[in-house]
A.B. asks: 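Below is a structure I'd like to ask you about.
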Amino acid sequence: MRLGLGFTFTRWGRYKHWLIISIAMVLASTAAEVLVPLFVGKLTDALQLGTAGKHAALTAFGAITALTVAPFLLGRPALICINELTIRVMQDVVRDSFYRLQRFSTDWHANNFAGSVVRKITRGMWALDALAASALLGVLPAMLVLGGTIVLLTAHWPVLGIAMTIGAALYIVLAVYISAKIVVPAARRSNRWDTAMGGAIADAISAISVVKGFAGEEREDRRVERLVVKWKRRIRRTWGYSALGNIAQLALLWVVRSLVTGAAIWLWASGKATTGDVLYVLTTYLVIQGYLRDIGFHINQLQRSLNDMEEMVRLNDEPLGIVDAHDARPIAITSGEIRFERVGFHYGGHRTPLYDKLDVTIPAGQRIALVGSSGSGKTTFVKLVQRLYDVTQGRITIDGEDIRDVSQASLRKQIAVVAQEPILFHRSVAENIAYSRPGATRAEVELAATLANAHDFITRLPLGYGTLVGERGIKLSGGERQRIALARAFLANAPILILDEATSSLDSESELLIQKATERLMQGRTAIVIAHRLSTIRALDRILVFDRGRIVEDGTHEELMAIPGGRYRALSDHQQERRGKAA
């Protein structure tokens with residue numbers, strides 16, 4: 001609760017003027033309601049005097065009318081101000097959360113469902129709306145009415161004021177206890193299942209091609225159904241606790257009403273109160289009862305809103321994976337020489353380092369291939385060059401600059417990446433290509449596509465470059481996605497290229513087109529190719545063979561094949577043997 005309130009107050013503090021105006025209008029509007037019962041009592045006493053009380057009756061009537069109109073005049077502007085405050089805060093929260101999400105580490109994203117993360121943010125965003133309504137339009141006016149009414153009652157009849165104070169305090173304590181100790185823990189558990197359910201649905205939808213390919217619809221139905229059933233049990237329990245809490249609160253209200261009414265009648269029977277006084281007490285209690293009933297509801301809503309915000313707040317407290325140094329400067333890569341100097345690295349949670357004092361230099365313009373079995377350190381090598389992870393020992397330099405001293409954005413803008421499984425946005429072909437250089441002209445986009453051997457198939461699409469490619473590019477074939485990714489890299493025109501070679505699953509025509517485009521793309525750049533098929537890298541300048549984080553062989557294809565019993569030669573012979581069997 002404290003975490004959520006601190007988060008909310010910090011965000012409200014950004015818009016102090018809206019908050020102050022909102023509170024002032026709510027308090028002014030509510031103060032009028034506190035005084036209405038007082039003038040109702042005066043009107044009753046004036047009417048009992050007959051014509052002698054005419055002036056007093058008209059005065060009381062005028063005051064009641066003015067006090068009744070005041071909430072309408074002030075309430076609407078107060079609501080507008082609160083809405084404006086809430087909208088601005090919700091906007092900030094979505095923007096800030098998305099900002100942080102994009103800057104979390106690669107590992108963080110690998111360990112979290114995208115659907116669950118989205119659910120945390122949207123649920124927390126709308127919880128801010130409910131919290132503002134409950135706090136500013138519910139709890140705040142209710143506390144003012146309670147405080148003002150108790151002060152007025154105590155001034156006239158201390159016994160009634162004390163009784164009302166005790167009753168209200170008991171009611172609020174009961175409401176807070178039920179909400180904090182019973183309802184909120186249950187709601188927290190139901191929220192976890194709500195998050196899991198959202199993650200499971202998003203997971204199945206994002207992999208719908210696999211689901212359909214293996215006729216897995218019924219399996220996914222059952223999987224989500226199990227989560228829905230657990231969610232239903234939790235939410236039913238939460239709502240049940242809320243209902244029981246409401247019954248207990250209403251019972252306490254009934255007890256307080258009976259005591260206050262009985263005390264007022266006793267004062268009247270004792271001659272210590274007039275009929276108007278009794279009516280004032282009863283009217284006051286009716287007002288207080290309404291606010292007490294509301295305050296119980298709003299306290300419950302407040303607690304639930306804070307609970308719904310909890311996962312989002314924790315998300316905003318997560319440390320960013322990689323952060324720029326406070327004095328980070330942009331890097332200008334001119335030649336593209338890459339050096340690993342005594343580099344040590346290990347993944348979080350792993351005791352054994354992957355790299356230990358790794359030294360390697362890639363001269364500017366050299367085209368190298370990284371070869372090795374899965375887990376040998378090839379992918380980590382290129383991720384460290386992009387500074388998706390920070391080294392734990394030594395340093396990595398590009399053109400002599402330590403990449404930890406430069407801004408990540410400037411570094412990655414000058415490194416073009418073509419992944420093994422290219423991911424496209426559900427946007428047009430042109431937008432996907434231009435993602436590497438948003439200000440590119442249409443002519444530049446088409447030239448990049450031509451260089452990537454993609455222009456011809458793009459022009460055959462229904463809307464050409466304006467065709468939407470579907471989520472993750474699902475409307476296109478693997479070869480078409482690969483060529484759009486290559487076009488994106490051509491357009492980036494970066495001095496360093498990282499290519500995760502992936503042609504083994506493509507047809508021969510697509511493979512040939514991609515190989516030609518790749519050769520064209522590597523010209524004049526420092527290129528790092530993660531090789532999966534050794535036959536495609538023979539013409540490269542240099543091959544690094546990795547084994548358990550160490551570079552065990554380094555040379556050209558011919559040099560490595562000449563090593564008797566060498567690792568590269570063994571991998572090459574194994575692949576040729578597999579191709580021979582497949583043929």
A.B. asks: Using the side-chain hydrogen bond (donor to acceptor under 3.5 Å, both in side chains) definition, which of the options Asn316, Thr122, Asp92 pairs with Ser97?
C.D. replies: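 The option that passes is Asn316.
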
A.B. asks: Looking at Tyr355 and Gly377, would you say the former's side chain and the latter's main chain have a donor-acceptor pair under 3.5 Å?
C.D. replies: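 Between the backbone of Gly377 and the side chain of Tyr355 there is a qualifying donor-acceptor contact (under 3.5 Å).
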
A.B. asks: Is there a side-chain contact between Ile333 and Thr526 (heavy atoms, below 4.5 Å)?
C.D. replies: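 A side-chain contact under 4.5 Å is absent here.
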
A.B. asks: Within 45° of the ring axis of Phe104 and under 6.0 Å from its six-membered ring centre, is that where the NZ or CZ of Arg100 lies?
C.D. replies: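 Relative to the ring axis of Phe104, which defines the angle, Arg100 lies outside at least one limit.
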
A.B. asks: When you look at NZ of Lys475, are more than 12 heavy atoms from neighbouring residues, nucleotides or ligands closer to it than 6.0 Å?
C.D. replies: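 Yes, because the 6.0 Å sphere around NZ of Lys475 holds more than 12 heavy atoms from other groups.
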
A.B. asks: Under the side-chain hydrogen bond (donor to acceptor under 3.5 Å, both in side chains) rule, collect the residues that match up with Gln414, sequence neighbours excluded.
C.D. replies: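 For Gln414 there are no side-chain hydrogen bond (donor to acceptor under 3.5 Å, both in side chains) partners, ignoring immediate neighbours.
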
A.B. asks: Does Leu128 reach the side chain of Thr8, with side-chain heavy atoms less than 4.5 Å apart?
C.D. replies: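 Touching, per the 4.5 Å side-chain cut-off.
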
A.B. asks: Find out whether Phe457 and Ile484 are in side-chain contact, i.e. whether some heavy atom of one side chain is under 4.5 Å from a heavy atom of the other.
C.D. replies: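 Yes. Closest side-chain heavy atoms under 4.5 Å.
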
A.B. asks: List for me each residue that meets salt bridge (Lys or Arg N to Asp or Glu O under 4.0 Å) alongside Arg569, sequence neighbours excluded, and say none if there are none.
C.D. replies: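 Listed in chain order: nothing, the list is empty.
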
A.B. asks: I need the full list of side-chain hydrogen bond (donor to acceptor under 3.5 Å, both in side chains) pairs touching residues 455-465, with sequence neighbours left out, sorted by first then second residue.
C.D. replies: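 Output for this query lists His455-Tyr465.
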
A.B. asks: OG1/Thr397 to CD/Glu337 distance, rounded to the nearest 0.5 angstrom?
C.D. replies: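 Going from OG1 on Thr397 over to CD on Glu337, the span is 6.5 Å.
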
A.B. asks: Which residue pairs satisfy the salt bridge (charged side-chain N to carboxylate O under 4.0 Å, His left out) criterion with at least one member in residues 430-443, sequence neighbours excluded?
C.D. replies: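 Passing the test, one end in residues 430-443: Arg437-Glu444, Arg442-Glu446.
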
A.B. asks: Within the 4.5 Å heavy-atom criterion, are Arg488 and Leu424 side-chain neighbours or not?
C.D. replies: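 Counting from C-beta outward, Arg488 and Leu424 do come under 4.5 Å.
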
A.B. asks: Is the number of heavy atoms from other residues, nucleotides or ligands under 6.0 Å of Arg548 CZ greater than 12?
C.D. replies: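 Counting other residues, nucleotides and ligands, CZ of Arg548 stays at 12 neighbours or fewer.
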
A.B. asks: State, yes or no, whether a side-chain contact exists between Trp12 and Leu131 at a heavy-atom distance under 4.5 Å.
C.D. replies: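 A side-chain contact under 4.5 Å exists here.
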
A.B. asks: Taking all non-hydrogen atoms of both residues, which atom of Asp399 and which atom of Ser335 are closest, and how far apart?
C.D. replies: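 It is OD1-OG, 2.7 Å.
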
A.B. asks: Using the ring of each side chain (for Trp, its six-membered ring), is Phe381 parallel, tilted or perpendicular to Phe546, with breaks at 30° and 60°?
C.D. replies: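 Rings of Phe381 and Phe546: perpendicular, over 60°.
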
A.B. asks: Among all residues two or more places apart in sequence or in another chain, which pass the side-chain hydrogen bond (donor to acceptor under 3.5 Å, both in side chains) test with Arg226?
C.D. replies: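 Arg226 satisfies side-chain hydrogen bond (donor to acceptor under 3.5 Å, both in side chains) with no other residue.
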
A.B. asks: Spell out, as yes or no, whether a donor-acceptor pair under 3.5 Å connects the side chain of Arg367 to the backbone of Leu540.
C.D. replies: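 No, because the side chain of Arg367 does not come within donor-acceptor range (under 3.5 Å) of the backbone of Leu540.
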
A.B. asks: Which residues pass the salt bridge (Lys or Arg N to Asp or Glu O under 4.0 Å) test with Arg412, sequence neighbours left out?
C.D. replies: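 Here no residue qualifies.
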
A.B. asks: Show the atom names and distances, to 0.1 Å, of all donor-acceptor pairs under 3.5 Å that link a side chain in residues 517-524 to residues at least two apart or in another chain.
C.D. replies:
| unit_1 | atom_1 | unit_2 | atom_2 | d |
| --- | --- | --- | --- | --- |
| Thr518 | OG1 | Ile514 | O | 2.7 |
| Arg520 | NH1 | Leu451 | O | 2.3 |

A.B. asks: May I ask you to test the Val469-Leu461 pair for a side-chain heavy-atom distance under 4.5 Å?
C.D. replies: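 A side-chain contact under 4.5 Å is absent here.
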
A.B. asks: Between atom CD of Gln393 and atom CD of Glu341, what is the distance when rounded to the nearest 0.5 Å?
C.D. replies: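 The CD atom of Glu341 is 12.5 Å from CD of Gln393, to the nearest 0.5 Å.
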
A.B. asks: Considering only heavy atoms from C-beta outward, does the side chain of Ile458 approach that of Glu480 to under 4.5 Å?
C.D. replies: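 No, side chains not in contact.
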
A.B. asks: A side-chain contact here means heavy atoms from C-beta on lying under 4.5 Å apart; do Pro363 and Arg542 qualify?
C.D. replies: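 The answer is yes, as the side chains (C-beta and beyond) meet within the 4.5 Å cut-off.
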
A.B. asks: Please identify each residue that fulfils salt bridge (Lys or Arg N to Asp or Glu O under 4.0 Å) with Arg329, with sequence neighbours left out.
C.D. replies: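 Partners of Arg329 by the salt bridge (Lys or Arg N to Asp or Glu O under 4.0 Å) criterion, ordered by chain and then number, come out as Glu401.
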
A.B. asks: Looking at every non-hydrogen atom in both residues, tell me the closest pair between Ile121 and Leu315 and how far apart they are.
C.D. replies: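 Where Ile121 meets Leu315 most closely, the heavy atoms are CG1-CD2, 3.8 Å.
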
A.B. asks: Check Asp129 against Met90 and note the closest heavy-atom contact, atom names and distance.
C.D. replies: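 In this case the closest contact between Asp129 and Met90 is CB-SD, 3.9 Å.
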
A.B. asks: For Arg223, what residues pass the side-chain hydrogen bond (donor to acceptor under 3.5 Å, both in side chains) criterion, not counting sequence neighbours?
C.D. replies: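 Checked Arg223 against side-chain hydrogen bond (donor to acceptor under 3.5 Å, both in side chains); zero matches.
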
A.B. asks: Report the residues that fulfil side-chain hydrogen bond (donor to acceptor under 3.5 Å, both in side chains) with Asp547, sequence neighbours left out, ordered by chain and then residue number.
C.D. replies: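 For Asp547 there are no side-chain hydrogen bond (donor to acceptor under 3.5 Å, both in side chains) partners, ignoring immediate neighbours.
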
A.B. asks: Listing request: all ring pair (Phe, Tyr, Trp, His ring centres under 6.0 Å) pairs with a residue in residues 384-418, at least two apart in sequence or in separate chains.
C.D. replies: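 Listed once each, the pairs are Phe345-Tyr389, Tyr347-Tyr389.
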
A.B. asks: Could you work out, with salt bridge (Lys or Arg N to Asp or Glu O under 4.0 Å) as the rule, every residue matching Arg387, not counting sequence neighbours?
C.D. replies: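 With sequence neighbours excluded, Arg387 shows a salt bridge (Lys or Arg N to Asp or Glu O under 4.0 Å) to Asp324, Asp390, given in chain and number order.
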
